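All values derive from a computational prediction rather than experimental measurement. Each chain gets a letter, A, B and so on, in the order its sequence line appears, and its residues count up from 1.
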Amino acid sequence: MRLSRYFLPTLKETPAEAQIASHRLMLRAGMIRQGAAGIYSWLPLGLKVLKKIEQIVREEQDRAGAQEVLMPTIQSSDLWVESGRYDDYGKEMLRIEDRHGRQMLYGPTNEELITDIFRKEIKSYRDLPKNLYHIQWKFRDEIRPRFGVMRGREFLMKDAYSFDLTEEDGRKSYNSMFVAYLRTFARLGLKAIPMRADTGPIGGDLSHEFIVIADTGESEVFFDKAFDALDPMIDAGAGDDLQPIVDEWTSIYAATDEIHKPDNCPVDASKLVTGRGIEVGHIFFFGEKYSAPMGASVQGPDGETTNVQMGSYGVGVSRLVGAIIEACHDADGIVWPESVAPFKVGLMNLRAKDDECTAACDKMYAELTKAGVDVLYDDRDQSAGAKFANMDLIGLPWQLAIGPRGLKNGVVELKNRGSGERVELSPEDAVTKLTG
RNA sequence: CGGGGAAUAGCUCAGCCUGGUAGAGCACCACGUUCGGGACGUGGGGGCCGGAGGUUCGAAUCCUCUUUCCCCGACCA
């Protein structure tokens, strides 16, 4: 992509409304613009990152055996009346009346709808287990939206719902999502720690939050540094027993500041890590909470009709964009993990008016593009300093600077945004390095 | 929802106290000079001063109401 044609409205100054790093940087890097409190438009650069995160989440859901569906944003109130949550959910749910006076709502979550789909189609234990997920926009009318996309009212969430015959099977589904989440956050370049959680309005008796550790996180967390020794990229097969893995991860101490009691903390002070965290995922096993009131049941092998055991599993996809930036930035801007970076390489023409230099840049751009590398090519006629600053701001993993000075010696400069390391090498070697 | 703050050019802000009809820097456009870490000069475009009402000869400025946004707190992916 040529930057001269790309819609990338970066800002030199920080908009007054942004307080935290990720919000400031997302506005400055031209990723989002605000529509109303807690409601944002996603501009090309931001959308690209959002899609990349979404895709990693999707791959790990698929890998864990979940199947993607897409449910609507607007729902009828009927199912919510049936589950009992129409009254319980309160003002956080945006209620809408259509032209016929029907009570509708913008979905804050989808337990009711998915349970309805399930109960209409599945009648036999032979069709279990099932795990269905979708990645869809949600709306929760938060009392106080803040921190940009970290706590918006409208947000993109992956929510999965598992259906099993027995509680034991239900826990297997839970474990499978637990492992999928560990893998997902690791692939996103994040350190995420599972913590036992309250079940809140979703209900249930088994639940974990996945907390990303970032210096600027919203709540204080405490955990045993033994987590550092665990590898989240668990490579388990379809039939493998995941319980030992889940036990290993959940036996290590981790708590938010609400639960943590310094006086009777089981972890020795020398091993306790205090940090700040952002909740990016939440999984629940809640048994028959929805299947019972809504009559989602199957016939078992014994001919008996039983309510299915359900769980739900959420990942805040749009929040993750902010969370990743909170975890990955420096004074100059964002430092994208390569897996979610909007482009892999930022190619800078340091002297756009110099024909020779421009020819070399065009050639480099063509070669990298041909090799399948996603390149953002700053071909604008601007000062070199402005280009460097802009590239640091948007945080692409690699910066390739080409100018007359280097070309005279047959070299270009390649900089790693994360380490700051710069090397001069021939254009050919640069291509090899970036395509290798 | 309680408490606090803000709204003036695309962005960051000044002007308001003490009313006289709107400014700066950056950004944008043109031309020229620059050119390897957010260059410089000259010229230019851009604002019903959030909205409504009131006071006044006259309101960005004073008064009332209202809307929106932000921050702190209790709740949430």
Side-chain angles (χ1 to χ4, degrees), chain A residues 9-20 23-24 27-28 30 33-39 53 57 89-93 107-110 135-160 181 185 192 197-202 207 209-212 218-219 258 278-284 312-323 332-333 348-354 357 378 380-393 399-409 411-413 415 420 422 424:
Chain A
T10 55
L11 304 172
K12 215 162 158 180
E13 285 172 290
T14 304
E17 75 265 20
Q19 297 295 315
I20 64 164
H23 191 193
R24 283 200 300 266
L27 290 167
R28 288 194 55 211
R33 287 295 182 264
Q34 185 172 51
I39 299 177
I53 295 170
V57 170
Y89 222 94
K91 287 193 164 180
E92 212 171 286
M93 184 155 72
T109 177
N110 285 65
I135 299 171
Q136 178 63 292
W137 292 91
K138 306 290 189 288
F139 192 91
R140 293 182 190 172
D141 200 358
E142 298 278 344
I143 298 165
R144 184 155 94 87
R146 61 185 125 172
F147 303 148
V149 301
M150 296 269 284
R151 188 166 309 175
R153 290 192 292 173
E154 187 181 49
F155 59 97
L156 186 63
M157 179 164 97
K158 184 285 300 182
D159 40 326
Y181 276 32
F185 299 128
D198 287 334
T199 51
I202 307 261
S207 175
E209 289 178 355
F210 286 77
I211 308 282
V212 161
E218 47 193 329
S219 56
E258 295 136 25
I278 303 161
E279 184 185 349
V280 290
H282 203 157
I283 60 178
F284 303 87
S312 75
Y313 315 91
V315 170
V317 177
S318 48
R319 169 179 285 188
L320 272 165
V321 181
D332 296 323
M348 286 174 277
N349 183 346
L350 299 182
R351 189 84 65 84
K353 278 189 176 153
D354 182 314
C357 183
D378 192 345
R380 298 170 305 169
D381 180 23
Q382 286 203 349
S383 74
K387 293 189 177 187
F388 282 121
N390 204 56
M391 277 300 170
D392 283 346
L393 173 63
Q399 296 175 7
L400 190 54
I402 301 182
R405 203 175 75 191
L407 288 176
K408 205 180 294 176
N409 302 318
V411 296
V412 297
E413 184 188 279
K415 173 178 148 183
R422 301 180 205 181
E424 291 200 327

Practice task
Measure from the side-chain N and O atoms of A:Arg24 to the backbone N and O of A:Ala18, and report whether any donor-acceptor pair falls under 3.5 Å.
Solution key: no

Problem - Where protein sits on nucleotides 28-36 of chain B, one letter per nucleotide: B base, S sugar-phosphate only, - none, heavy atoms under 4.0 Å - result: ------BBB

Handout entry: Letter per nucleotide, 5' to 3', of nucleotides 68-73 of chain B [B base touched, S only sugar-phosphate touched, - untouched; heavy atoms, 4.0 Å]
Key = -SSBBB

Problem - Along RNA chain B (nearest heavy atom to each residue), the more 5'-positioned of A:Glu142 and A:Thr14 - result: A:Thr14

Practice task
Specify the residue among A:Gly152 and A:Arg380 whose closest nucleotide of RNA chain B lies further upstream toward the 5′ end.
Solution key: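 It is A:Arg380, whose closest nucleotide lies nearer the 5' terminus.
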
So [Y] and [X], do their side chains get closer than 4.5 Å, heavy atoms only?
X	Y	result
A:Arg319	A:Glu279	yes
A:Val315	A:Phe185	yes
A:Lys415	A:Met348	no

Could you tell me which non-hydrogen atom of [X] sits nearest to which non-hydrogen atom of [Y], and how far apart they are?
X	Y	answer
A:Leu350	A:Cys357	N-SG, 4.5 Å
A:Ala160	A:Lys158	CB-NZ, 3.6 Å
A:Gln382	A:Lys387	O-CE, 3.8 Å
A:Lys12	A:Arg28	O-NH2, 3.5 Å
A:Ala352	A:Arg380	CB-O, 3.5 Å
A:His282	A:Ser207	NE2-OG, 2.8 Å

If [N] has a Watson-Crick or G-U wobble mate with both distances under 3.5 Å, name it; if not, just say none.
N	answer
B:rU55	none
B:rG47	none
B:rA77	none
B:rA24	B:rU12
B:rA39	B:rU33
B:rA7	B:rU67

Using atom [atom1] of each nucleotide, how far apart are [N] and [M] to the nearest Å?
N	M	atom1	answer
B:rG23	B:rG45	P	13 Å
B:rG5	B:rA14	P	16 Å
B:rA6	B:rC13	P	12 Å
B:rG15	B:rU55	P	29 Å
B:rG38	B:rA77	C1'	37 Å
B:rA22	B:rC65	P	29 Å
B:rG46	B:rC29	C1'	11 Å
B:rA7	B:rC17	P	15 Å

Let me know the distance between [atom1] of [X] and [atom2] of [N], rounded to the nearest Å.
X	N	atom1	atom2	result
A:Leu11	B:rU12	CG	P	8 Å
A:Asn390	B:rC11	CG	C1'	15 Å
A:Lys12	B:rC11	NZ	C1'	11 Å

Practice task
Please work out if A:Lys408 contacts a base, only the sugar-phosphate, or nothing of the nucleic acid, heavy-atom cut-off 4.0 Å.
Solution key: nothing

Problem - Sugar-phosphate, base or nothing in reach of A:Arg422, heavy atoms under 4.0 Å - result: base

Handout entry: Pair of N/O donor and acceptor under 3.5 Å linking B:rG38 base with A:Glu13 side chain
Key =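 Between B:rG38 and A:Glu13, which were checked side chain against base, a qualifying N/O pair under 3.5 Å is absent.
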
Problem - Side chain A:Arg151 and base B:rC76 donor-acceptor under 3.5 Å - result: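 Indeed there is one.
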
Practice task
Look at the side-chain N and O atoms of A:Lys387 and state whether any lies under 4.0 Å from the OP1 or OP2 oxygen of B:rG38.
Solution key: no

Problem - Salt bridge flag under 4.0 Å for residues A:Lys353 and A:Asp381 - result: yes

